[in-house]
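Just below is one structure, and these are the notes that go with it.
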Amino acid sequence: MNELENIMKTCFELNQKSNNLCETTILRHHWYLKSFLKFGSCNGFTRPCQKLYDDFILAGSNGYDAILNRKWVVKLVDEVASTNALDQDGYLLNLPNLYTYEEVTTYFKNFTFPLDDSADNLYLISYTLYNIKNEDTTQSTYGQYKKAYLYIYSWLISHKNFTYDEEVLNSFLKDNQLKFDTGLLKKWVYKIRKRALNILIEVANSGTYHWHIFKSSKIILDEDLQIIIQDYMLSMNNSNMALDTVNLYYYVFKKMMIYLNVKKSDDLLLITENDIEMLCEKVIKDFTQSSLKTIYPIVKKILLYLYNQGYMIKNFSAMIQKPLYLKSFNPSIISKDDELKLIAYLDKISYRDQAIMLLAIRYGLRDSDICNLKFDEIDWYRDQIKITQTKTNVYLTLPLLDDVGNAIFNYLENERPECNTPYIFIRKQKPYHKIKSAYNLCSRIFEKLNITPLNGKGKGTHVFRYSLVKRLLDMEVPYQIITDSLGHVNKDSDKYYYSLDSEKLRSCCLDARWIGIKSWM
């Protein structure tokens, strides 16, 4: 009798002794166990293994009940044989139970931090999850971290790793990154697994964890290459450029060095045409089409600088051609009926989201200005909102409308967590920092209410900015008042918005009757 037959004998006995199952279910399981043994023997398997499990699940009927029963068999065999097999999503077929808080505290009494390689991974994961729970995380957030840790534990077991080893955990990070880069992993799954692992390592090193943002690891550049970048940035500063522009040049320079795998100045002398072509491909992949018109000229200038300073043997700047694409502008707006439907829906969402949406609808504020709104920018006594616009750095004063003020006040009084940040709108979960964008909120509501913007596909808060201008134009509000309300200082900025004034545009149309007819004869 081979190993597979021995294991199956135990499985048959366990199925027969199942007191919590009816006779019909036991008979059905018995039939599937016989099918598994027959399948394994016919295909030359003498012991249970991952391939046998995978092949058996795919064999036979594709019906839901049949697949469910085959998975039950595989799970039972795996448990009896202790093969630590994985399911199709990479989790152990038989996931372990996490240890209780009492068991964890008792276990770690014999350890000092940072942990050595004798600490059991499952105890460490259980201990880390208790640390996360103590941070008052929501049930949903805790559940996501628990799922991430069970995946990490499954990965460690499949790589025959049972005790803490930071080097092995770093290998998991590389595997996680590779799956994301090759499109096998969604971004949010990639991010939470990466963060979960960083927390695990921090707990292993310090014995505790407090919420904070994990910074991405920086690529270390050689000192002489850092000097080249600093010299270039100094020349930018001497050009009277705005600070944001200088920072953009610095960002692009560093990105170029990463793309070209340049870590020291001597590497620049080895750059070839093929490297520049690869650089262009990576830039196109990482930046949007609208961003390329800004990024490409900067890349071109940096390459020219490196050549003129003798750091490159060839002038590769000529290879960088500004991408050509058709640019059209067709502002996305929503109808008045859709706007009223949306406003009526606001009572069904949180106070925070109500306030955000009303700021966009009533004032047409930019997404960045809503996210950056601070406590000291609302004058409750004078009923005013006074902001310095993020995009233009221009000061703007607006009246604090009743429904907007009430929504903000309700959020602050009843819903907003206590924290020290000066920004009004913050995340609902820890860490409590300001929200980065209202786009997802807006697009979700559009989808929920089946609202399709007119003239375009926009689903962010900018739709309300265009819609507000359309309403004001229809009411024949003077252009200057609209310009002041939007916070524009450059008249060229208004031209896209005024294209919504269809009546004025119609009056500017040429008479088509004379096209193709000579008038000088």
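Computed from a predicted model, the values in this text were never measured in an experiment.
Inspection of the Y345 and K448 side chains reveals no N or O donor paired with an N or O acceptor under 3.5 Å. No hydrogens or angles considered: nothing links the side chains of R47 and N2 as a donor-acceptor pair under 3.5 Å. Y432 and R416 share no side-chain donor-acceptor pair at under 3.5 Å. Side-chain polar atoms of T272 and D275 form a donor-acceptor pair below 3.5 angstrom. In summary, the side chains of T163 and D117 do not present any donor paired with an acceptor at a separation below 3.5 Å, with no hydrogens or angles considered. Between the side chains of S126 and Y101, not a single donor N or O lies within less than 3.5 Å of an accepting N or O.
At least one donor-acceptor pair under 3.5 Å links the side chain of T138 to the backbone N or O of T141. Y127 places a side-chain N or O within 3.5 Å of a backbone atom of G207 that can act as its donor or acceptor partner. Under the 3.5 Å distance criterion, the side-chain polar atoms of E415 are left unmatched by any main-chain donor or acceptor of S350. Between the side chain of E103 and the main chain of T100, a donor-acceptor pair closer than 3.5 Å is present. Using modelled atom types, no side-chain atom of D367 and backbone atom of T461 make a donor-acceptor pair closer than 3.5 Å. Within the 3.5 Å criterion, the main-chain N or O of I426 finds a donor-acceptor partner in the side chain of R352. A donor-acceptor contact shorter than 3.5 Å links the side chain of S61 to the backbone of G63. Not a single donor-acceptor pair under 3.5 Å links the side chain of Y149 to the backbone N or O of L129. A donor-acceptor distance shorter than 3.5 angstrom exists from the side chain of K300 to the backbone of S317, with no hydrogens or angles considered. At least one donor-acceptor pair under 3.5 Å links the side chain of N414 to the backbone N or O of N410.
Residues S158 and L86 come closest through the heavy atom pair CB-CD1, 3.8 Å. Contact detail for P453 and S332: the closest heavy-atom pair is CB-CB, 4.1 Å. Scanning all heavy atoms of the two residues, the minimum distance from S154 to L95 falls at OG-CD2, 3.7 Å. Residues K264 and L225 approach most closely at N-CD2, 3.9 Å, considering heavy atoms. Across all their heavy atoms, L124 and Y164 have their closest contact at CD2-CD1, 3.5 Å. Residues L52 and G40 share a closest heavy-atom pair of CD1-CA, 3.8 Å.
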Item to check | Working for ring pair (Phe, Tyr, Trp, His ring centres under 6.0 Å), residues F253 and Y250 | outcome: CA-CA 5 Å; F253 205 133; Y250 179 74; 8.2 Å; no

Item to check | Candidate pair F113 and N205, rule side-chain contact (heavy atoms from CB on, under 4.5 Å), full reasoning | outcome: CA-CA 6 Å; F113 294 91; N205 287 328; over 6 Å; no

Next on the checklist: Please determine whether side-chain contact (heavy atoms from CB on, under 4.5 Å) holds for the pair E3 and T46, giving the CA-CA distance in whole Å, both sets of side-chain angles, and the decisive distance to 0.1 Å.
Outcome noted: CA-CA 6 Å; E3 184 179 346; T46 58; over 6 Å; no

Next on the checklist: Evaluate D165 against L169 for side-chain contact (heavy atoms from CB on, under 4.5 Å), listing each step before the verdict.
Outcome noted: CA-CA 6 Å; D165 187 331; L169 293 178; over 6 Å; no

Next on the checklist: Go through it in stages, so that I can follow the logic: the residues are N121 and I152, the test is side-chain contact (heavy atoms from CB on, under 4.5 Å), and I'd like the CA-CA distance, side-chain angles, deciding distance and then a yes or no.
Outcome noted: CA-CA 10 Å; N121 282 329; I152 292 171; over 6 Å; no

Item to check | Criterion side chain to side chain donor-acceptor pair (under 3.5 Å) on E413 and Y351, from CA distance to verdict | outcome: CA-CA 10 Å; E413 282 289 300; Y351 289 132; over 6 Å; no

Checklist entry - Would D353 and K428 count as a salt bridge (charged side-chain N to carboxylate O under 4.0 Å, His left out) if you check the C-alpha gap in whole Å, the side-chain angles of each, and the deciding distance to 0.1 Å? => result CA-CA 11 Å; D353 294 346; K428 295 179 180 179; 3.6 Å; yes

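In this structure, D369 CG and I387 CD1 are separated by 4.0 Å, a value rounded to the nearest 0.5 Å. Distance check: E223 CD to Q230 CD gives 9.0 Å after rounding to the nearest 0.5 Å. The line from CG of L197 to OG1 of T128 is 10.0 Å long, rounded to the nearest 0.5 Å. If you take CD1 on I435 and SG on C371, they are separated by 4.0 Å, rounding to the nearest 0.5 Å. The distance from the OH atom of Y311 to the CG atom of L268 is 9.0 Å, given to the nearest 0.5 Å. Taken to the nearest 0.5 Å, the CD atom of E135 stands 8.0 Å off from the OG1 atom of T137.
Results of the ring pair (Phe, Tyr, Trp, His ring centres under 6.0 Å) test with F36 over F56, F45, F12 single out F56 as the only residue that passes. Of the listed residues (Y123, Y107, Y130), just one forms a ring pair (Phe, Tyr, Trp, His ring centres under 6.0 Å) with Y99, and that residue is Y123.
Salt-bridge annotation for K51 and D54: absent, with no side-chain N of the basic residue lying under 4.0 Å from a carboxylate O of the acidic one. Comment: D267 does not engage K263 in a salt bridge, judged by the lack of any side-chain N to carboxylate O separation of less than 4.0 angstrom.
The shortest distance between side-chain heavy atoms of M256 and L303 falls below 4.5 Å. The side-chain heavy atoms of L173 and N170, taken from C-beta on, include a pair separated by under 4.5 Å. Proximity of L184 to F180: side-chain heavy atoms (C-beta onward) are nowhere separated by under 4.5 Å. Side-chain atoms of L248 and V252, non-hydrogen and from C-beta on, do get closer than 4.5 Å to each other. In this structure, the side chains of L304 and F316 stay at 4.5 Å or more apart for every pair of heavy atoms. When side chains are defined from C-beta on, T83 does not count as touching C49, because their heavy atoms never get closer than 4.5 Å. Here the side chains of L412 and F375 are in contact, with some heavy-atom distance below 4.5 Å. Residues T421 and H433 fail the side-chain proximity criterion, which asks for heavy atoms closer than 4.5 Å.
Within a 6.0 Å radius of CZ in F409, other residues, nucleotides and ligands contribute 12 heavy atoms or fewer. Within a 6.0 Å radius of CG in N393, other residues, nucleotides and ligands contribute 12 heavy atoms or fewer. Annotation: E5, atom CD; neighbour count of heavy atoms from other residues, nucleotides and ligands within 6.0 Å is above 12. No more than 12 heavy atoms of other residues, nucleotides or ligands shown are found within 6.0 angstrom of CD on E167.
Figure legend: K282 and Y259 shown without cation-pi pairing, the cationic atom not lying both under 6.0 angstrom from the six-membered ring centre and within 45 degrees of its axis.
Screening residues 68-82 for salt bridge (charged side-chain N to carboxylate O under 4.0 Å, His left out) gives no qualifying pairs among residues at least two apart or on separate chains. Legend: ring pair (Phe, Tyr, Trp, His ring centres under 6.0 Å) pairs involving residues 70-95, not counting sequence neighbours, sorted by first then second residue: H29-W72, Y91-Y151.
Ring pair W155/F172 is perpendicular by interplanar angle, where above 60° counts as perpendicular and below 30° as parallel.
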